[in-house]
> 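Here it is, the structure, as structure tokens.
Both backbone and side-chain heavy atoms feed into the values below; hydrogens, waters and symmetry mates do not. In this text, all values refer to a predicted model and were calculated from it rather than measured experimentally.
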Amino acid sequence: MLDNQNILSIENMSVQFPALSGSVKAVRNVSFRVGREKVGIIGESGSGKSTTGRAIMQLQPPGAVVTADKMQFEDIDLLGASEQQMRNIRGSRISMILQDPKYSLNPVMTVGEQIAETVILHERVSRREARARTVAMLERVNIRNPERVYALYPHEVSGGMGQRIMISMMLISSPSLIIADEPTSALDVTVRQQVLSILDDLVTERNIGLIFISHDLNLVRSFCDRVIIMYAGRIVETIDAENLEHATHPYTRGLLNALPSLEHPRDRLEVLKRDPLWLET
Amino acid sequence: MTMIKVENLAVSYGHGHNALKVLRDVSFEVAKGETFGLVGESGCGKSTVLGALAGRIKNWSGSIVIDGEGADPKRTKSQLAKQQMVFQDPFGSIHPRHTIGRTLLEPLEIQGMDRRHERIEEVLRDVGLSHNFRYRFPHQLSGGQRQRVAIARALILKPRILLLDEPTSALDVSIQAEILNLLKDLRERENLTYVLVSHDMAVIAHLCDRIAVMHDGIFVEVTTRSSLFRGDVAHPYTRNLLDGSRGYVATKPPREVAVG
């Protein structure tokens, strides 16, 4: 079986942004591996979780410097890859799902054309075949009338459907790794469940890796296999999702206790006391 | 004692053929010192209820009685001061080019109140900020500090009711805990009545005594905190929201882990 095989291994990666005085390290020496599993990255705003996801895709903003000992994706060294190589990888072998489908879809193209474009670009198939595959893919993400939806513009679809369209666009070229950056934060609770179960099915069915970036502890705990907890650009703890309750790091414990919970009601929530020691390794 | 009494409240936007009924028929009462929660998904009309209570939305029908006094769509200044709102996004709800002091001064000027400097210093202390904050601009503050300023701006008019529209959903978990604790303290100290709107069941259950579950412009169920904790709810939609807030529920068995 392939399950134990690493799709991605990152060693000692840092991302620096230039600032007025020197530079700011948004990500500090993180190392992790992703196999054929669902890995969650949890952190608060500014913890570097999205920057980590983007650095894997080499999509950091201009000026940012990514350094690492190793960034290996399957047979490709992401550190040494040229822009041309990266362009072939993005969208076909690693794809990314972003938070809000309203902003990540092209507003002046029908959703069908946008999905078909991915196939045409990466696999050089005919338009007719691209269309057929798009319709099949839309059907796969539980869109009932794919022919009709093919011709719709992004403003004509709901948030949940938009996110399913994004998922179909990201999966149509059969990538082996998906990076989902807060894919359901803009969605309502009941729609979220649907979108996640489609994502879950597809990841399982195709046996691929998923990096799920989120700030929602309950969601990551219930959806992912493993959880990476980030604080101030560092990985403070990596733990199996089912054992999150027994996390040892004071930051993770603090987060869990700060969360209002339906299972363990308490009168006052614990306020997280940040320890400067956490900033060191 | 009843603080808020709402009967057959209905709101529609648009006219004639295009009219959209956002609130169909909503009735509820909130006792003094109580916290009443409204929970539901986007577009269910929960913020519209707050808007009508606050006097922001004027084309409503039905009856609203606040503190024993009937509220017309058009209200007097002192009626408007009785209930104040706190909005979701502290990055959008505070004027970016005004200092915090100026932001807090504005409601005092509108209401023609005295002792302005003292009041600003008092209210900043009440929300846990030092008085130096009045000279700062919003961009010099963190998200949690800004939400404290937004709460201070609501409190400075000494309202009886705070209308909270998703007050913590733009904040990180650890900051959310601070703001929720602050709201609890203020409620006790100032003897305030809250109406809290949120989509997060856990936040609602943490702060509210009674909770109305909204869907499509009506209350499908009014329940209590303890029944939420027990999971003892009647309507399937409420159950749906409760399950959703606990995280993801797999529909299929998890994938087999490799053996050999």
Side-chain angles (χ1 to χ4, degrees), chain A residues 1-5 35-38 42-47 159 184-194 196-201 203-205 207 215-225 251 254-274, chain B residues 39-44 128 142-144 168-185 198-208 215 225-226 228-231 236-237 239-260:
Chain A
M1 291 285 278
L2 294 164
D3 285 59
N4 297 326
Q5 188 187 317
R36 297 177 192 282
E37 57 181 342
K38 291 172 282 182
I42 294 186
E44 297 189 286
S45 33
S47 60
T184 56
S185 308
L187 305 178
D188 275 327
V189 182
T190 46
V191 183
R192 183 174 84 182
Q193 182 70 32
Q194 266 177 25
L196 286 176
S197 94
I198 289 167
L199 193 60
D200 192 13
D201 285 353
V203 167
T204 310
E205 176 187 300
N207 206 18
H215 66 277
D216 189 332
L217 278 155
N218 280 332
L219 186 62
V220 170
R221 178 180 1 196
S222 50
F223 185 72
C224 296
D225 304 319
Y251 175 68
L255 275 189
L256 286 168
N257 291 335
L259 205 63
S261 146
L262 288 165
E263 273 79 34
H264 315 287
R266 59 192 129 208
D267 192 41
R268 287 188 72 79
L269 299 167
E270 210 168 285
V271 170
L272 190 67
K273 290 200 185 55
R274 286 157 210 275
Chain B
V39 68
E41 301 189 311
S42 31
C44 71
S142 69
T168 59
S169 46
L171 306 174
D172 275 326
V173 175
S174 58
I175 313 297
Q176 166 172 289
E178 287 176 23
I179 297 293
L180 290 178
N181 285 342
L182 172 70
L183 288 172
K184 262 199 166 172
D185 294 343
S198 180
H199 67 276
D200 187 332
M201 273 294 196
V203 168
I204 283 272
H206 177 72
L207 215 56
C208 300
H215 185 53
R225 176 204 279 141
S226 48
L228 275 191
F229 283 139
R230 283 198 312 269
Y237 183 72
R239 165 125 342 257
N240 226 334
L241 289 182
L242 262 183
D243 291 344
S245 70
R246 291 205 164 95
Y248 173 69
V249 189
T251 43
K252 288 182 184 169
R255 98 177 96 170
E256 296 285 317
V257 179
V259 257

> Does the side chain of A:L269 reach to within under 4.5 Å of the side chain of A:P260, using non-hydrogen atoms?
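Counting from C-beta outward, A:L269 and A:P260 do come under 4.5 Å.
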> Minimum heavy-atom separation for A:D200 and A:K38, please, with both atom names.
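Looking at all heavy atoms of both residues, the shortest contact is OD1-NZ, 2.8 Å.
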> Under 4.5 Å, counting heavy-atom pairs only, tell me which of B:K184, B:H199, B:Q176 racks up the most with chain A.
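Of the candidates given, the most pairs with chain A belong to B:K184.
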> Going by the rule salt bridge (charged side-chain N to carboxylate O under 4.0 Å, His left out), which residues pair with B:E178 if we only count those two or more places apart in sequence or in a different chain?
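Salt bridge (charged side-chain N to carboxylate O under 4.0 Å, His left out) list for B:E178, sorted by chain: B:R148.
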> Quick one: list whatever passes salt bridge (charged side-chain N to carboxylate O under 4.0 Å, His left out) with A:D216, sequence neighbours left out.
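Salt bridge (charged side-chain N to carboxylate O under 4.0 Å, His left out) list for A:D216, sorted by chain: A:R192.
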> For the interface with chain A, which of B:L228, B:L171, B:D185 has the highest count of heavy-atom pairs at distances below 4.5 Å?
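Of the candidates given, the most pairs with chain A belong to B:D185.
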> Short question: side chain of B:N181, backbone of A:R268 - any donor-acceptor pair under 3.5 Å?
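Side chain of B:N181 to backbone of A:R268, a donor-acceptor pair under 3.5 Å: no, none is there.
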> For the candidates A:D267, A:T184, A:L217, which exhibits the highest count of non-hydrogen atom pairs separated by less than 4.5 Å from chain B?
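Result: the option with the highest number of such pairs is A:D267.
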> Quick check on A:T190 against chain B: is it the side chain, the backbone, both or neither that has a heavy atom closer than 4.5 Å?
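Both the backbone and the side chain of A:T190 come within 4.5 Å of chain B.
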> Report which part of A:R274 has an atom under 4.5 Å of a heavy atom belonging to chain B: side chain, backbone, both, or neither.
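Side chain only.
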> Mind ranking A:E270, A:E263, A:R221 by heavy-atom pairs under 4.5 Å with chain B and telling me who comes out on top?
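Sorted descending by pairs with chain B, the first entry is A:E263.
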